[in-house]
Amino acid sequence: MKRKILMMVATVFAAFTMSGCTAMNLGVKFMGFDEKTQVAYADMMDIVDETGDPAQAMMKEWLVTDEELTEEDIFDEMKSLAGDYNMRFVGEKPMFRIKDPKPDQISRARIGEFCSLGVAKKMLDHSRFYGGFMPCRVIYVEYGDGRRYLISMDMTLALYGGTDVKPISSELMADMENVKTAMEQIPLKAAGYDTQLEADKAMIKYYTEKGIKERMPTIKK
């Protein structure tokens, strides 16, 4: 409720401080969205405001801090976990490897692809544009300084970013929420964590100790 009130205040403020009718119209439309839709867009804009990076705002990432986990270990675990979440591992694509990279340069990148064919068909029947997200992907990236990440699309807006103009049925929503859970839990566990809280704390600890200037996760109390 507090978050919703703050968003209402921010919307009204934006409407009066921005010029023209466009801002007011934007604010009115935003407040007409479902609460989950408002939160989804507000969370995305928080990240864009902090980082200036829209791509980061649309993704989730997990930092691999266990040095004993190899790249192959991670992919083998993702393949093994797929079935636990009613997903299929449908392919992988090594992108590139660079010798002698700079510390802030990505030296390795490799993509793993996942799909639940039954759910994918339902999603396409609802909107063919979901096809642009398919198959679900997790990318492994490694930097020259040794940092390693698993990155996957944040499906929050795909589920909650719409309106009643094109409502998602309760059955399809349940299926999509299961896919969202899968695409968060598979990389989380493959990165060596049991919970998101554990992963967030590990990232904060790693960034703090290494002096890395990246956006840190917020630990919700």
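- For K122, the side chain to side chain donor-acceptor pair (under 3.5 Å) criterion is met by E171, D175, not counting sequence neighbours.
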Throw together a table of side-chain donor-acceptor distances under 3.5 angstrom for residues 75-89, partners on residues two or more places apart or in other chains.
residue, atom, partner, partner atom, Å
K79, NZ, E92, OE2, 2.8
Y85, OH, K189, NZ, 2.8

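- A donor-acceptor pair under 3.5 Å is formed between the side chain of E198 and the backbone N or O of D194.
- For Y207, there are no ring-ring contact (aromatic ring centres under 6.0 Å, His included) partners at least two apart in sequence or on another chain.
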Pairs of donor and acceptor atoms involving the side chains of residues 53-63, under 3.5 Å and at least two apart or interchain, shall be tabulated with distances.
residue, atom, partner, partner atom, Å
D53, OD1, A55, N, 3.0
D53, OD1, Q56, N, 3.3
W62, NE1, Q196, OE1, 2.9

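- The salt bridge (Lys or Arg N to Asp or Glu O under 4.0 Å) check on E209 picks up K205, with sequence neighbours excluded.
- Among residues two or more places apart in sequence or in another chain, the side chain to side chain contact (heavy atoms under 4.5 Å, CB included) test is passed with R148 by V64, L69, I74, Y140, E142.
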Quiz: residues 123-131 side-chain donor-acceptor pairs under 3.5 angstrom, not counting sequence neighbours:
residue, atom, partner, partner atom, Å
D125, OD2, K121, NZ, 3.1
S127, OG, F129, N, 3.3
Y130, OH, A158, O, 2.7

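- Residues satisfying the side chain to side chain donor-acceptor pair (under 3.5 Å) test with S116, not counting sequence neighbours, are none.
- The side chain to side chain donor-acceptor pair (under 3.5 Å) test applied to E67 returns no partner, not counting sequence neighbours.
- For I204, the side chain to side chain contact (heavy atoms under 4.5 Å, CB included) partners are T208, M216, P217, I219, not counting sequence neighbours.
- Of the residues Q38, E177, K180, the one that meets the side chain to side chain donor-acceptor pair (under 3.5 Å) test with Y160 is E177.
- Legend: residues meeting salt bridge (Lys or Arg N to Asp or Glu O under 4.0 Å) with E71, ordered by chain and number and at least two apart, are R97, R108, R110.
- Remark: N178 pairs with no residue by the side chain to side chain donor-acceptor pair (under 3.5 Å) rule, at least two apart or across chains.
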